[in-house]
Visitor: 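The structure follows.
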Amino acid sequence: MRIARTTKLLVEPPSSATGDIAFNLIVFFLVCASVQPDRGRLQVLPTSETADEKQQQTENIEVQLTRTAVLVNGDAVPLARFPAQIKAALAAKKTPSEKVVIVKSRPDTPYHHWIRVTATIEDAGGIITLQLEEEREVIVP
Amino acid sequence: MKITRRSARAEVPSMAMGDIAFNLLIFFVILARAQDDSHLQWTPAEAKNLQNATNSVVSVLIDSDSKLYLNGQQLGISQLAGRVESLLEGAPSGERPVLLKIHNEALAQRFEPVIEAISEAGGELVHIVEEDRD
């Protein structure tokens, strides 16, 4: 007796599960996209004070920032030499109040330059304080 | 002659469940994006010795057009200190981080008043930058 061979070549996958598969894929990629944590630098600034209260600031290091350059106590310093110079200047300072570095920026100083310099100061042990020009309202008679 | 009433069973089509879930997901994603700042255009600056930023309820951003945003909503510099202070209300010292995202080409005349306002509000600044690999 001869048995007839049955051939089932076309087998379709169940289409009812595709919605669930798509949903799980979306959740997977969403989780992947959202788990990247932000990285950054913590910066603690001393509380603000007015110009009258700053007698001892004359002894603090003053760093001026222009668009591309850095000036330490009024003298221009090449950017490559700045980390070593600020480290040497801060090494002589002992108390936290002496380690305060006054940062003055020209209005056209870009942020990438500012953050690089302030990060270098903090890494050298300095405490950043910003000196901003106050806006004054003048009434013209 | 008595005709028996046929009872028809009404079923919710299960085929549509995936599509419903998908649309719900899209709805909540859009809702969440309206409150964060991931849709804003900015390029982070680079710095060394970075640490992982802690979760914060306050995120301040200056985008490539120098516009200021607080948690994804545009505002003026005069409103910033008050709004940050109210968001951080009651948080103890050491748990008041403010994520600060500044476009790398933003100028000091724009970002320094922002830093000052956050400081005034008692926020602890965390500059969001990328690792400098040079």
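Numbers restart at 1 for each chain; the letters A, B, ... are given by sequence-line order, proteins then strands.
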Visitor: Chain B heavy atoms under 4.5 Å from A:Arg67: which part of the residue, side chain, backbone, both or neither?
Guide: side chain

Visitor: Please state whether the side chain, the backbone, both or neither of B:Ile128 comes within less than 4.5 Å of a heavy atom of chain A.
Guide: both

Visitor: Sequence neighbours left out, cut at 3.5 Å: what donor-acceptor pairs do the side chains of residues 75-89 of chain A make with other protein atoms?
Guide:
none

Visitor: Specify which of B:Leu50, B:Ile62, B:Ile115 makes the most heavy-atom pairs with chain A at under 4.5 Å.
Guide: B:Leu50

Visitor: With a 4.5 angstrom heavy-atom cut-off, which part of A:Leu130 approaches chain B: side chain, backbone, both or neither?
Guide: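 Just the side chain, heavy atoms under 4.5 Å.
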
Visitor: Among A:Asp123, A:Thr120, A:Thr118, A:Leu65, which residue forms the greatest number of heavy-atom pairs with chain B at distances under 4.5 Å?
Guide: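 Highest number of heavy-atom pairs under 4.5 Å: A:Asp123.
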
Visitor: Under 3.5 Å, which donor-acceptor pairs link side chains of residues 83-102 of chain B to any protein atom two or more places apart or in another chain?
Guide:
{"residue": "B:Ser86", "atom": "OG", "partner": "B:Gly82", "partner atom": "O", "Å": "3.4"}
{"residue": "B:Ser86", "atom": "OG", "partner": "B:Arg83", "partner atom": "O", "Å": "2.8"}
{"residue": "B:Arg96", "atom": "NE", "partner": "B:Gly122", "partner atom": "O", "Å": "2.9"}
{"residue": "B:Arg96", "atom": "NH1", "partner": "B:Leu88", "partner atom": "O", "Å": "3.2"}
{"residue": "B:Arg96", "atom": "NH1", "partner": "B:Ala91", "partner atom": "O", "Å": "2.8"}
{"residue": "B:Arg96", "atom": "NH2", "partner": "B:Ala121", "partner atom": "O", "Å": "3.2"}
{"residue": "B:Lys101", "atom": "NZ", "partner": "B:Asp37", "partner atom": "OD1", "Å": "3.2"}

Visitor: Does any backbone or side-chain atom of B:Glu131 lie under 4.5 Å from a heavy atom of chain A? Answer side chain, backbone, both or neither.
Guide: side chain

Visitor: A:Arg41 and B:Asn49: side chain to side chain contact (heavy atoms under 4.5 Å, CB included), yes or no, with the steps?
Guide: CA-CA 8 Å; A:Arg41 287 189 66 94; B:Asn49 302 332; 3.8 Å; yes

Visitor: For the atom pair CG (B:Leu75) and CG (B:Leu68), what is the distance rounded to the nearest 0.5 Å?
Guide: 5.0 Å

Visitor: How are the rings of B:His127 and A:Tyr111 set relative to one another: parallel (under 30°), tilted (30 to 60°) or perpendicular (over 60°)?
Guide: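 Geometry flag for A:Tyr111 against B:His127: parallel rings.
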
